[in-house]
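All remarks here apply to the structure that follows.
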Amino acid sequence: MGMCFGVRDAIRFAQQQAQREALTVLGDLAHNETVLARLRDQGIRMENQLAHVRTSTLMITAHGASERTINQALERGFQVLEATCPLVRLVHRSAATLVQQGYYPIIIGKRDHVEVRGLTEDLAEYDVILTESEVAALPPRPRFGVVAQTTQPIDHVRHLVSLLQKRFPASEVRFIDTVCLPTKQRQAAAIELAQRVEVMVVAGGRQSNNTRELTAACQQHCPRVYQIQEADDLGWDWFAGAQTVGFTAGTSTPDEVVEAVAARLQEITSLGAEQEESKAYSQI
Ligand code: SF4
């Protein structure tokens with residue numbers, strides 16, 4: 001669980017660079033407020049629009065950006081540094097290959113997510129889908145080329161691909177699985193854990209797509225799931241009567257948050273156990 005190599009490397013790269021020169025990151029370096037606040041304290045600026053950038057060096061986040069955005073930044077005279085995760089680059093390359101080979105690109109993901117926007121901005125035509133009804137609304141094409149946002153649950157992605165194949169049996173559907181391995185591993189581990197516990201805690205930023213996906217996946221297997229951003233969000237009464245508690249964290253959740261949540265959970269659950277024990281003694 002916890003932070004993936006893509007986000008970790010991007011943060012390290014930004015911190016090293018910020019020691020050498022003033023730096024602005026285009027967008028949020030990680031979808032986690034705790035991480036962002038720490039980076040701002042270290043002097044790293046974050047802006048959503050090129051027009052607001054006041055430093056000469058600009059960094060692209062792990063989520064990547066379109067060639068169009070990068071070229072606009074270069075034309076404005078910025079030095080552009082890319083912290084794009086290699087697994088996001090793989091999605092860009094896969095989509096470009098499918099288009100070159102004559103497939104109509106379909107992206108399974110969230111239309112407004114920064115990673116998906118970075119992908120679609122370079123495509124002349126495409127569809128972004130996330131639901132069964134969006135598959136049903138697609139017009140027919142002879143050849144569909146499908147990729148997925150890296151943080152989508154792989155089972156849902158496969159389900160939509162198979163629906164697409166069923167809906168257009170006469171079309172060729174080629175799917176390149178671009179859901180990243182850290183996402184798959186965290187999803188699989190979280191589901192396995194959620195099946196075995198009575199209460200599940202998921203730590204991560206409120207803006208983090210993969211954290212929300214982890215929560216949704218856990219909710220399918222565990223009746224009591226709580227998503228929190230930090231240890232202070234934990235409710236002392238959430239664990240009443242529970243013998244087993246599971247804990248996982250999204251790919252943008254920093255180690256110190258994971259450790260703080262684990263410590264607080266230990267504190268809360270041991271106190272709960274002590275209270276149960278003293279109740280049992282008083283009943284004897
Ligand atoms: S979630 Fe996956 S694709 Fe995104 S930064 Fe992490 S490793 Fe890379």
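As the structure lists them, so they are numbered: ligands from 1, and atoms in each ligand from 1. What you see is a predicted model, and the numbers here were worked out from it, not measured in a lab.
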Just say parallel, tilted or perpendicular for the rings of W238 and Y226, cut-offs at 30° and 60°.
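The rings of W238 and Y226 lie parallel, inter-plane angle below 30°.
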
Any protein N, O or S atom under 2.8 Å from atom 8 (Fe) of ligand 1? Found C85 SG

For Q187 and A217, the nearest pair of non-hydrogen atoms, with its separation, is OE1-CB, 3.5 Å

Indicate whether any N or O donor in one side chain lies under 3.5 Å from an N or O acceptor in the other, for N210 and T183.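 N210 vs T183: no donor-acceptor pair found between side chains.
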
Side chains of H159 and E132: is there a donor and an acceptor less than 3.5 Å apart?
yes

>> If you count heavy atoms of other groups shown closer than 6.0 angstrom to CD of Q165, is the number above 12?
In response: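 Yes, because the 6.0 Å sphere around CD of Q165 holds more than 12 heavy atoms from other groups.
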
- prompt: According to the side chain to side chain donor-acceptor pair (under 3.5 Å) rule, which pairs have a member within residues 49-63, sequence neighbours left out?
  reply: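 Listed once each, the pairs are E21-T57, T24-T55, T57-Q79.
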
